[in-house]
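Order of the sequence lines sets the chain letters (A, B, ...), proteins ahead of strands, with each chain counted from 1.
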Amino acid sequence: MSSRTLPLLFINLGGEMLYILDQRLRAQNIPADKAKKVMNDIITTMFNKKFLEELFKPQELYSKKALRTVFDRLAHASIMRLNQASMDKLYDLMTMAFKYQVLLCPRPKDILLVSFNHMDAIKDFVKDTPSILSQVDETYQQLIEMYTTLSNGEFQLIRQTLLIFFQDMHIRVSIFLKDKVQNSNGRFVLPTSGPVPHGTQVPGLIRIFSCTGEEQTRLQFNNGGNYTSAIREGSFEIFGDRVTKLGTNMYSVSRPVETHMSGTSKNSAQHTKVNTAPNPLAKEELNMLARLMGGLEVQKAGSSDSGFRVNLFATDEEEEEALITRPDELSYGVINIQATKDQQVSAELTKIMGEFTDSGHQSPSSSNKGDDLLAMMDDL
Amino acid sequence: MFHKEKNIQIKNSASALYNNLSVLRIAPRRLTYFTVVHANVVNMVSASWDGLNYSHRQLQSKEPNVATSTSLIMQAAFCVLPSRELLVVTSQKGIQMYESDGSIMVYWHALDTPETPTAQAVFARGIAAVSENYVCVGVSSGAILVFDVPSKGSNITLSEVLEEHKESITDIASECSGSQECVANLVTVDDGGSLCVWKSGEEFQLLNKIGGFDISCSSVKLWKGTVVAGYGSGQIRIYEAVTGILQSEINAHARWIYSLDIAPFSGLLLSAAEDSYVRVWHLSVTPETNSVEVAHLHNECVTDTQICGAKFCDGDGYAFAVTGYDLSEIIRYTQT
């Protein structure tokens, strides 16, 4: 639908990822210099100029699988490693958090304020590193340029596009359950109280006008909720009070994150039925992905002893358990693609494949080099 | 005033799209059809009036002879003409028209989609049957496509393109199909909140244009020469169609309105929004004095749901149905 959705999706999901990784790095007592290196490396990769150029081009949203591939790559842009179970959990948390933020935005335009909250936090993560800081600042400019002129209707289209992307995801997140913003069935709580959005009046008034425009009658009705007047609008500039708390960091060392895999909504099975239809988009998407990721530079892992593994679970056993018990319908499968003979795509893929270091996903080799690479993609 | 009936299960959850529910009552067969859009699929349910039989069908936005990307559906709506009933499905690639039971596609119109995506999205949205033989469909560019529909067969042709709107069309409504004579029988609305009022014919005539204020109008209805429009601000505004005079303004909802419907025989008005509320109102119009009366009758709160479709199931408004984002059910209410 909207061809301007991807940058917002990427930046907000990236922001959530950084919040979670930051919390885990602290929780696991990773030495400060290593933790900082990881955060800096990931942020540098996220805001790579060439990468962002591709991202900001008008285009349709990627499939969940394709986007997961991009974030896999991003999470491994530094010396930190994540096992598959932890990567799955990380992605679950990121997506449910942003889904929550999109749903609860009072106005579609507020998604931009949420994005700025994420950007503000990212800026804070790298405030001591001028080179990365300038990359982040440039991205603010791009966001302002692209989005502040959009109409409310166009923002609603972006929001609707995002909601289709998040459709049928009901993974329960313990921090949301504890805060009572998510029900035990995985659905978010939508309050019928609180301030109305900026530009909206509290429901309850019917006005009748005469043909000359004078107000003839005023009637009140009961709106059933408990609404209050709108509060001030957040700032859409590089600096400013965003007012909304959506998109700010909700994690801290004392509030760890868990997801519950059991008892997910039965609708997820129905959802997979639609998703597993043969994907004719795959080749096009792969091309887009190749172009996008061609811009992602690699941070070569230093000597083997500077690398370390981060666990999104409390213990290694839990992580292993999570991998085994993850329901099929929630596995982030791979794009089922047919071999392409396109030389350029193969070249791009060679470059990308060469940079993937996520071990344990080697496929049996096949005769054609193109097939080889695609088969490897298949196993990601 | 209304109580909840048994929900109807659908195969997929409803997507967050404006006016995402269409209802067709087939009295001779004691059936009602419902359609709900999920991404690139239209879910159709046929429900028997005795509540015992439900059958399902899914339509995809597959374009004939096109093997590339799937396209997302923006809207599906039944069009009732004097001679026949069609199901019209609008998507990013074009417009499909089916027989009302979804069994056969009778017409396909491709939109001009650019080779590489442009910043301005391309799609069709806004569907209405007009007068004896027209179906009007809106486009993201602001154009309205007028299709001439013969009483049977697939010889549907594009008769006219109305270019008046500058923003994407959000909804289209008509009244007086067939029998009555109306001055204004079509209203079209867009993302900027502009409303255009037309009279159908071999050449459609623009009767009035009411400017918007960058407040998107997501849903519109036309009844007894009165335009009822729902906005992103949560307001409902009622205008006299031909003159454009604002007759009433209602601070109806706390969030973006997604759907409006009117039961033509009783004047009941249904409004539904992202705020989880469906509200029932009573509208009475006195054309002689150009005045309207609006009364609020009833609220239903669909807990934790952003409603995306709400329609009366019959012309008297005895029953209505509701869909919500991420919900795989059609919720129904009937009068007590």
Side-chain angles (χ1 to χ4, degrees), chain A residues 1-4 57-60 103 106-108 146 151-154 156-157 159-161 163-164 166-168 170 183 187-190 192 196-197 199-211 213 216-217 219 221-225 227 267 270-271 273-274 277 279-281 284-285, chain B residues 11-13 15-17 38-39 41 67-70 72 74 92 116-121 123 167-168 170 190-192 214-216 218 232-235 240 243 245-256 275-277 290-296 299 301 303-306 325-326 328:
Chain A
M1 294 190 342
S2 173
S3 56
R4 289 185 263 236
K57 283 190 186 150
Q59 59 197 306
E60 292 294 310
L103 263 178
R107 306 171 302 176
M146 184 175 224
S151 69
N152 292 308
E154 280 167 304
Q156 180 64 278
L157 190 68
R159 183 171 177 279
Q160 290 175 342
T161 310
L163 288 177
I164 289 182
F166 291 126
Q167 195 133 6
D168 302 320
H170 302 295
N183 295 318
R187 288 162 190 276
F188 291 116
V189 174
L190 300 181
T192 55
V196 291
T200 295
Q201 304 297 319
V202 174
L205 185 61
I206 303 171
R207 300 167 77 195
I208 311 276
F209 300 99
S210 71
C211 47
Q216 267 179 343
T217 326
L219 299 164
F221 69 90
N222 180 5
N223 63 35
Y227 299 107
N267 293 325
Q270 291 167 338
H271 177 58
K273 238 190 253 176
V274 180
N279 187 358
L281 177 60
E284 230 174 273
E285 208 168 37
Chain B
K11 293 293 184 196
N12 305 110
S13 56
S15 288
L17 298 163
H38 170 100
V41 170
T68 56
S69 45
T70 53
L72 292 171
M74 304 300 289
Q92 292 177 283
T116 46
T118 51
Q120 162 79 10
F123 55 82
E167 313 245 5
S168 299
T170 42
D190 69 28
D191 247 347
D214 188 32
I215 303 177
S216 183
S218 42
S233 59
Q235 265 194 351
E240 208 216 337
T243 60
I245 293 175
L246 177 67
Q247 296 173 304
S248 176
E249 195 178 84
I250 311 172
N251 295 338
H253 287 275
R255 294 282 189 281
W256 205 285
D275 64 0
S276 307
Y277 277 97
N290 286 338
S291 65
V292 300
E293 270 170 39
V294 185
H296 172 257
N299 294 326
C301 180
T303 314
D304 299 333
T305 304
Q306 299 202 335
Y325 169 65
D326 252 356
S328 299

Between A:Cys211, A:Gly225, A:Pro197, the one whose heavy-atom pairs under 4.5 Å with chain B are most numerous: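 Heavy-atom pair counts peak at A:Pro197.
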Residue among A:Leu163, A:Val202, A:Val196 with most heavy-atom pairs under 4.5 Å to chain B: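 Option with the greatest count: A:Leu163.
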Select one option (side chain, backbone, both, neither) describing which atoms of [X] are under 4.5 Å from chain A's heavy atoms.
{"X": "B:Thr305", "value": "backbone"}
{"X": "B:Thr118", "value": "backbone"}
{"X": "B:Ile245", "value": "side chain"}
{"X": "B:Ser216", "value": "side chain"}
{"X": "B:Asp275", "value": "both"}

Winner by heavy-atom pair count (cut-off under 4.5 Å) against chain A, out of B:Thr243, B:Val292, B:Thr303, B:Leu246: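 Ranked by contacts with chain A, first place is B:Leu246.
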Largest heavy-atom contact set with chain A, pairs under 4.5 Å, which of B:Ile215, B:Asn299, B:Thr170, B:Asp190: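 Winner by heavy-atom pair count: B:Asn299.
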To the closest 0.5 Å, what do you measure between [atom1] ([X]) and [atom2] ([Y])?
{"X": "B:Ser15", "Y": "A:Met1", "atom1": "OG", "atom2": "CE", "answer": "8.0 Å"}
{"X": "A:Gln201", "Y": "B:Ile250", "atom1": "CD", "atom2": "CD1", "answer": "14.0 Å"}
{"X": "B:Asp304", "Y": "A:Thr192", "atom1": "CG", "atom2": "OG1", "answer": "9.0 Å"}

Please check if the side chain of [X] supplies one atom and the backbone of [Y] the other of a donor-acceptor pair under 3.5 Å.
{"X": "B:Gln235", "Y": "B:Glu249", "value": "no"}
{"X": "B:Ser233", "Y": "A:Thr200", "value": "no"}
{"X": "B:His38", "Y": "B:Ser13", "value": "yes"}
{"X": "B:Asp326", "Y": "A:Gln167", "value": "no"}

Under 4.5 Å heavy-atom distance to chain B, tell me which part of [X] shows up: side chain, backbone, both or neither.
{"X": "A:Leu157", "result": "side chain"}
{"X": "A:Tyr227", "result": "side chain"}
{"X": "A:Arg107", "result": "neither"}

Those residues that, when tested against A:Arg4, pass salt bridge (charged side-chain N to carboxylate O under 4.0 Å, His left out) (two or more places apart):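 If we apply the salt bridge (charged side-chain N to carboxylate O under 4.0 Å, His left out) test to A:Arg4, skipping adjacent residues, the hits are A:Glu154.
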